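Keep in mind the model is a prediction, meaning the values are calculated, not measured. In this chain, residues are counted from 1 in sequence order.
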Amino acid sequence: MTRLSADAARRTAVAAQGFAEPKPSGPVTRAHLRRLVSRLQVLQLDSVSVSVRAHYAPVFSRLGPYDRDVLDRAAWSHSVRSPRLLVEYWAHEAALMSVDDWPLMRWRMREYEHGRWGTEIVRKNAKLAEDVVAAVTELGPATAGQIEAHLESEPRGRKGPWWDRSDTKWVAEALWASGVLTTATRVGFARHYDLTERVLPAEVVARGVGDDEALRELTLRAATALGLATETDIRDYFRLGAKQAKPAIAALVAEGELEPVEVDGWSAPAYLRAGQTVARRDRGTALLCPFDPLVFFRPRLERLFGFHYRIEIYTPAPKRQYGYYVWPFLLDGRLVGRVDLKAERLRGELHVVGAFAEPGQDAMHVAAALAVELCSMASWLGLADVVVGERGDLVDALRVAL
């Protein structure tokens, strides 16, 4: 069995995620985005917008500043000249994935017949589900609030017990999870539901994929996106169960698509994607949002980089170690620091609330590289300045570098 050093494993993982390649010299195009999605498979969605929404960030991290309308059009619009490229579904968590890959998730749509959460609410409202579908059929793309108003199913102020959702919202989400509805567009990040057959190409909706074939393909895609990964790493990428992933991995090994390898210091065997080059140079510099595919799975992140990372959004402010929305900083293929960022849009500032260097790092070296990335991000977000706060051992060096 092939044996790799921990450094070789780290470099291979970084390269597989697209960080070792040069960024485009010109404008980022739809073709660039298509190639990146085929590599990453998913762009996770999240409602937090304190700096920039999560799905935009991995594209910036790998391709540099780009027009976010390119991604918006690919995800939430359609024309003859520019067909929809992406669709929303529970791929990792809620995420954008290739339209062509939507049939690979049919097994999950069956599992989520009554939604992912709040299933007891949905089961009690079968008639409401019929009414929601009828309303969407009549209205076209509509938010849950618009559907509810159309149905007059309940007073607008009456909410269900979870997250202040109404029954109509729970049912609409369940229909989305089961594949009956999908996201036609978003306005102000509010999801507008429509019938799936009116949003996706007929050939995609009609395509049948067997469960074993779908699970094999998802396992292979996860392993490819990760480059080098353990079974648990692979399972996490598309949230597969052990009973789903184990047979798929065994089959892919038998077919020669995955190669078992040992990595120094890893307690579990890993799998290398066939044809994946074992990188020999430390490359890749970028700010990574908390939902970047490279940092999805925290145990893997710690195993690869020795980087302990937790998102602290739900931690009370006095108990936060690093901050509310902290971006790990990748410098030449290593995680060397982290910054808590907030876009102060009214003031035209990218606010570095806190900045921290990892143990053993040269603060001036890290700050110099980080300053370049922060200025690039500020320009991308249409902000005129980068302002450094007081928290962290890196702020003084960063202020000098800026």
Side-chain angles (χ1 to χ4, degrees), residues 43-49 53-56 68-69 71-80 82-91 93-99 102-103 105-106 108-109 112-202 204-206:
L43 298 173
Q44 186 172 338
L45 295 160
D46 189 79
S47 61
V48 176
S49 59
R53 294 201 191 275
H55 58 289
Y56 295 118
R68 280 171 283 170
D69 282 346
L71 179 51
D72 289 342
R73 290 193 297 270
W76 296 303
S77 68
H78 174 84
S79 69
V80 174
S82 183
R84 184 184 299 266
L85 177 64
L86 305 174
V87 64
E88 293 182 27
Y89 193 63
W90 292 117
E93 289 298 313
L96 292 167
M97 64 188 300
S98 171
V99 163
W102 185 84
M105 311 307 294
R106 290 189 183 279
R108 180 164 285 163
M109 294 173 195
Y112 292 165
E113 178 185 358
H114 297 103
R116 185 177 181 184
W117 296 294
T119 56
E120 70 285 356
I121 297 171
V122 177
R123 291 177 187 274
K124 293 175 182 177
N125 284 282
K127 178 60 169 62
L128 179 56
E130 295 175 4
D131 292 343
V132 168
V133 172
V136 171
T137 302
E138 181 178 346
L139 291 171
T143 66
Q146 290 167 338
I147 295 167
E148 185 175 308
H150 178 78
L151 294 175
E152 296 182 345
S153 58
E154 58 186 353
R156 292 298 301 278
R158 179 180 161 201
K159 301 296 181 182
W162 291 23
W163 294 310
D164 291 332
R165 281 182 172 178
S166 68
D167 287 356
T168 302
K169 176 63 174 177
W170 280 113
V171 168
E173 281 294 288
L175 291 166
W176 180 83
S178 66
V180 175
L181 303 180
T182 191
T183 308
T185 191
R186 282 184 180 264
V187 179
F189 206 64
R191 177 180 285 148
H192 288 240
Y193 304 91
D194 201 357
L195 302 177
T196 297
E197 60 265 28
R198 295 201 300 216
V199 175
L200 302 187
V204 171
V205 177

If you round to the nearest 0.5 Å, how far is [atom2] of [Y] from [atom1] of [X]?
| X | Y | atom1 | atom2 | value |
| --- | --- | --- | --- | --- |
| His150 | Glu138 | NE2 | CD | 4.0 Å |
| His78 | Leu85 | NE2 | CG | 12.0 Å |
| Met109 | Ser178 | CE | OG | 8.5 Å |
| Lys124 | Trp170 | NZ | CH2 | 13.0 Å |
| Leu86 | Leu43 | CG | CG | 6.5 Å |
| Ser49 | Phe189 | OG | CZ | 9.0 Å |

Quiz prompt | Residues Glu173 and Arg116 bridged, charged N to O under 4.0 Å | solution = no
Quiz item: Can a salt bridge be assigned to the pair Glu148 and Lys169 using a cut-off of 4.0 Å between side-chain N and carboxylate O?
Solution: no
Side-chain contact, heavy-atom cut-off 4.5 Å: [X] with [Y]?
| X | Y | value |
| --- | --- | --- |
| Leu45 | Glu93 | no |
| Ser77 | Thr185 | no |
| Thr196 | Val180 | no |
| Leu151 | Val132 | yes |

Looking at [Y], is [X] sitting on its ring face, NZ or CZ under 6.0 Å from the six-membered ring centre and within 45 degrees of the normal?
| X | Y | result |
| --- | --- | --- |
| Arg84 | Trp76 | no |
| Arg108 | Tyr89 | no |
| Arg53 | Tyr56 | no |

On a heavy-atom basis, which atom in [X] and which in [Y] lie closest, and how many Å separate them?
| X | Y | answer |
| --- | --- | --- |
| Gln146 | Leu139 | O-CD1, 4.1 Å |
| Trp176 | Thr182 | CD1-CA, 3.5 Å |
| Ile147 | Val136 | CD1-CG2, 3.6 Å |
| Ala75 | Leu96 | CB-CD2, 3.8 Å |
| Ala129 | Val171 | CA-CG1, 3.5 Å |
| Ile121 | Asp167 | CG2-OD1, 3.5 Å |

Quiz prompt | Option among Arg186, His55, Met97 that satisfies the side-chain contact (heavy atoms from CB on, under 4.5 Å) test with Glu88 | solution = Arg186
Test item: [X] side-chain N/O and [Y] main-chain N/O as donor-acceptor pair under 3.5 Å:
| X | Y | answer |
| --- | --- | --- |
| Thr137 | Val133 | yes |
| Ser82 | Ser79 | no |
| Thr143 | His192 | no |

Exercise. Determine, stepwise, if the pair Leu200 / Trp102 fulfils side chain to side chain contact (heavy atoms under 4.5 Å, CB included).
Key: CA-CA 9 Å; Leu200 302 187; Trp102 185 84; 3.6 Å; yes
Exercise. Determine whether the aromatic ring centres of Trp117 and Trp90 lie less than 6.0 Å apart.
Key: yes
Practice problem: Test salt bridge (Lys or Arg N to Asp or Glu O under 4.0 Å) on Asp72 and Arg68 and set out the steps. | Solution: CA-CA 6 Å; Asp72 289 342; Arg68 280 171 283 170; over 6 Å; no
